[in-house]
**Student:** 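Just dropping this structure here.
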Amino acid sequence: MKIVIPVLSLETGGTRFIYQLANEMVAKGHQVEVVLPAHAAIAWPLRAQITRVPELAPSTIPAGDFILPNFWPTVFPAWESKRGRVVRLSLGYEPLWVKDAEQARASYLIDAPIIAISQWHHQIILQETGHYSTVIPGGTDTAIFHPYPKKSLITGRPTISYILRSREHGYTWKGSEDFWEACRRLTTLVPGFDIQVVTPEGASYPAPVPYQIVNAHSDQEMALFYAQSDLFVSTSYFEAFAMPALEAMACGTAVVTTDNGGNRDYTKHGENCLVVPPSDIQQLTDAMAHLLTQTHERQRIAQAGVQYAQAWSWRNSADRLEAFLLQL
């Protein structure tokens with residue numbers, strides 16, 4: 001079948017889901033065409049056909065068996081084009097964070113099937129719109145995301161990794177201030193540790209403790225970023241799925257994460273990670289301190305994460321998408 005995916009861009013972040021599914025569906029023998037504006041960024045290596053257009057409009061959407069709009073501004077051009085069966089792929093319930101919340105909500109009210117990417121995400125869409133969705137979760141590529149030797153074997157100091165997305169750039173739900181305050185408190189509980197961060201904006205920010213910026217622009221570089229650290233921390237208040245923590249697990253790194261909703265499908269507190277409430281800085285600090293000072297416990301949780309992540313493959317995600325579309 002032919003699948004058309006209109007996107008605003010394929011920058012790093014949530015659009016990773018689109019890139020992975022597009023490539024997997026091509027590998028399964030389907031024709032996939034990704035359509036995006038002329039100057040939009042593409043951060044990922046796509047095996048699908050790429051079509052650039054002056055703007056996403058009903059007249060510029062190619063014909064296909066299915067059209068999978070995603071971020072809310074792509075929905076109405078796809079719907080109005082009448083060039084294929086529209087299936088609304090939601091990568092996050094946008095009214096929670098975009099300025100045009102009412103228009104974003106309206107993109108869920110068209111007469112089209114909806115795909116959510118976690119059970120929590122499904123419940124939010126149902127609660128806010130009254131519409132049911134089909135859950136097709138994300139995954140991880142364990143051929144790339146797998147364990148490597150830790151930096152601490154050389155330095156003798158544990159390393160904490162964190163993806164820094166700042167409030168200044170509009171990421172008000174990522175909890176970066178909570179992370180820095182927890183690290184400040186951690187200095188009185190843990191003798192010595194290093195912090196490394198990836199900053200998608202490519203900028204440094206003032207922080208109460210020293211940290212190193214890591215430039216990671218590819219999957220292989222991100223895998224090293226996760227795997228060489230001893231602890232990965234995620235502090236989001238909400239996420240539709242939250243892939244980084246799952247990728248860190250696959251890389252053999254212990255995870256401390258907030259209960260952000262979307263990660264409930266794969267996080268098991270005390271088994272493959274430690275889960276704390278969002279915004280609870282003291283519990284976050286205590287969980288980080290516990291794993292940094294208890295080597296055996298940290299290694300046990302890290303190993304459980306590696307084993308658990310094996311079942312979460314992008315091929316499984318593509319199999320579920322294929323079955324859903326064929327059912328339609």
Side-chain angles (χ1 to χ4, degrees), residues 1-117 121 125 129 131 133-138 240-241 243 314 317-318 320-322 324-326 328:
M1 64 183 129
K2 181 179 179 183
I3 301 167
V4 173
I5 307 177
V7 297
L8 295 181
S9 74
L10 282 175
E11 298 174 355
T12 56
T15 57
R16 167 76 169 273
F17 202 97
I18 296 169
Y19 138 73
Q20 294 282 9
L21 278 183
N23 283 349
E24 288 291 345
M25 292 300 280
V26 168
K28 289 173 69 67
H30 299 290
Q31 182 183 357
V32 179
E33 183 173 0
V34 174
V35 128
L36 72 172
H39 302 293
I42 299 179
W44 311 106
L46 271 174
R47 293 196 293 269
Q49 177 184 343
I50 298 171
T51 299
R52 291 190 178 274
V53 296
E55 63 176 346
L56 291 181
S59 61
T60 62
I61 302 294
D65 297 303
F66 292 97
I67 305 175
L68 270 60
N70 35 86
F71 191 48
W72 74 266
T74 69
V75 174
F76 298 111
W79 180 249
E80 293 166 11
S81 74
K82 309 299 182 186
R83 293 187 174 178
R85 177 80 182 269
V86 171
V87 177
R88 208 287 193 210
L89 171 59
S90 176
L91 303 179
Y93 185 65
E94 300 95 331
L96 290 176
W97 77 88
V98 301
K99 291 182 180 179
D100 297 323
E102 282 306 310
Q103 269 205 303
R105 182 177 181 276
S107 71
Y108 287 86
L109 304 180
I110 62 173
D111 185 21
I114 302 171
I115 294 174
I117 58 176
H121 186 200
I125 293 171
T129 70
H131 287 214
S133 58
T134 296
V135 176
I136 298 176
F241 184 74
M243 279 186 282
W314 286 109
S317 304
R320 293 173 71 165
L321 175 60
E322 180 185 56
F324 178 59
L325 296 181
L326 289 174
L328 291 177

**Student:** Are any of the side-chain heavy atoms of Thr134 and Pro113 separated by less than 4.5 Å?
**Tutor:**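 No; the side chains remain at least 4.5 Å from each other.
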**Student:** List the atom of His131, the atom of Tyr108, and the distance in Å for their closest heavy-atom pair.
**Tutor:**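 Of all heavy-atom pairs spanning His131 and Tyr108, the closest is ND1-O, 3.1 Å.
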**Student:** For residues 18-39, pull every pair meeting ring-ring contact (aromatic ring centres under 6.0 Å, His included), keeping only residues two or more places apart or in separate chains.
**Tutor:**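 Pairs touching residues 18-39 that pass the test: Tyr19-Trp44.
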**Student:** Report yes or no: is the cationic atom of Lys99 (NZ for Lys, CZ for Arg) under 6.0 Å from the centre of the six-membered ring of Trp97, at an angle within 45° of the ring normal?
**Tutor:**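 Checked: cation-pi criterion not met.
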**Student:** Which residue, Val75, Ile115, Ile18, forms the side-chain contact (heavy atoms from CB on, under 4.5 Å) with Asn70?
**Tutor:**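 The option that passes is Ile18.
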**Student:** To the nearest 0.5 Å, what is the distance between CD1 on Ile136 and CD on Glu322?
**Tutor:**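 Going from CD1 on Ile136 over to CD on Glu322, the span is 11.0 Å.
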**Student:** Find the distance between CZ (Arg16) and CG (Leu21) and round it off to the nearest 0.5 Å.
**Tutor:**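 Going from the CZ atom of Arg16 to the CG atom of Leu21 covers 11.5 Å.
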**Student:** What distance do Asp100 atom CG and Glu102 atom CD have between them, rounded to the nearest 0.5 Å?
**Tutor:**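 So the gap between those two atoms works out to 10.0 Å.
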**Student:** At what distance, to the nearest 0.5 angstrom, does CE of Met1 lie from CZ of Arg85?
**Tutor:**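 That separation rounds to 12.5 Å.
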**Student:** List the steps, then state whether side chain to side chain contact (heavy atoms under 4.5 Å, CB included) holds for Glu80 with Ile110.
**Tutor:** CA-CA 11 Å; Glu80 293 166 11; Ile110 62 173; over 6 Å; no
**Student:** Identify the heavy atoms of Glu33 and Pro62 that sit nearest to each other, and give their distance.
**Tutor:**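 Taking every non-hydrogen atom into account, OE2-CG, 3.4 Å.
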**Student:** Only one of Leu321, Leu325, Ile5 forms a side-chain contact (heavy atoms from CB on, under 4.5 Å) with Phe66, so which one is it?
**Tutor:**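 Among Leu321, Leu325, Ile5, the one meeting side-chain contact (heavy atoms from CB on, under 4.5 Å) with Phe66 is Leu325.
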**Student:** Does the pair Leu56 and Leu36 meet the rule for a side chain to side chain contact (heavy atoms under 4.5 Å, CB included), with working shown?
**Tutor:** CA-CA 7 Å; Leu56 291 181; Leu36 72 172; 5.6 Å; no
**Student:** Quick one: pull up CG in Leu10 and CD1 in Ile50 and give me the separation to the nearest 0.5 Å.
**Tutor:**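 With rounding to 0.5 Å, CG (Leu10) is 8.0 Å from CD1 (Ile50).
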**Student:** Would a line drawn from the ring center of Trp314 to the ring center of Phe17 be shorter than 6.0 Å?
**Tutor:**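 Yes, ring centres under 6.0 Å apart.
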**Student:** Can a salt bridge be assigned to the pair Arg88 and Glu94 using a cut-off of 4.0 Å between side-chain N and carboxylate O?
**Tutor:**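 Salt bridge between Arg88 and Glu94, a charged N being under 4.0 Å from a carboxylate O: yes.
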**Student:** Show the nearest heavy-atom pair for residues Ser59 and Arg83, with the distance to one decimal.
**Tutor:**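 Of all heavy-atom pairs spanning Ser59 and Arg83, the closest is O-NH1, 3.4 Å.
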**Student:** Of the non-hydrogen atoms in Pro6 and Ile61, which two are nearest, and what is the gap between them?
**Tutor:**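 Heavy-atom minimum between the residues: CB-CD1, 4.0 Å.
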**Student:** Do the side chains of Phe241 and His121 get nearer than 4.5 Å, heavy atoms only?
**Tutor:**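 Not touching, per the 4.5 Å side-chain cut-off.
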**Student:** Taking Asn23 for its side chain and Leu46 for its backbone only, find out whether a donor-acceptor pair lies under 3.5 Å.
**Tutor:**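 Answer holds: no.
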**Student:** Kindly give the heavy-atom pair with the smallest separation between Val86 and Ala78, and that separation in Å.
**Tutor:**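 For Val86 versus Ala78, the nearest heavy atoms are CG2-O, 3.7 Å.
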**Student:** Of the non-hydrogen atoms in Ser90 and Ile117, which two are nearest, and what is the gap between them?
**Tutor:**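 Smallest interatomic distance, heavy atoms only, reads O-CG2, 3.8 Å.
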**Student:** Judged by atom type as modelled, is there a donor-acceptor pair below 3.5 Å linking the side chain of Thr51 to the main-chain atoms of Val35?
**Tutor:**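 No.
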**Student:** Quick one: does Trp72's side chain get under 4.5 Å of Arg105's, heavy atoms only?
**Tutor:**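 SC-SC contact between Trp72 and Arg105 ruled out.
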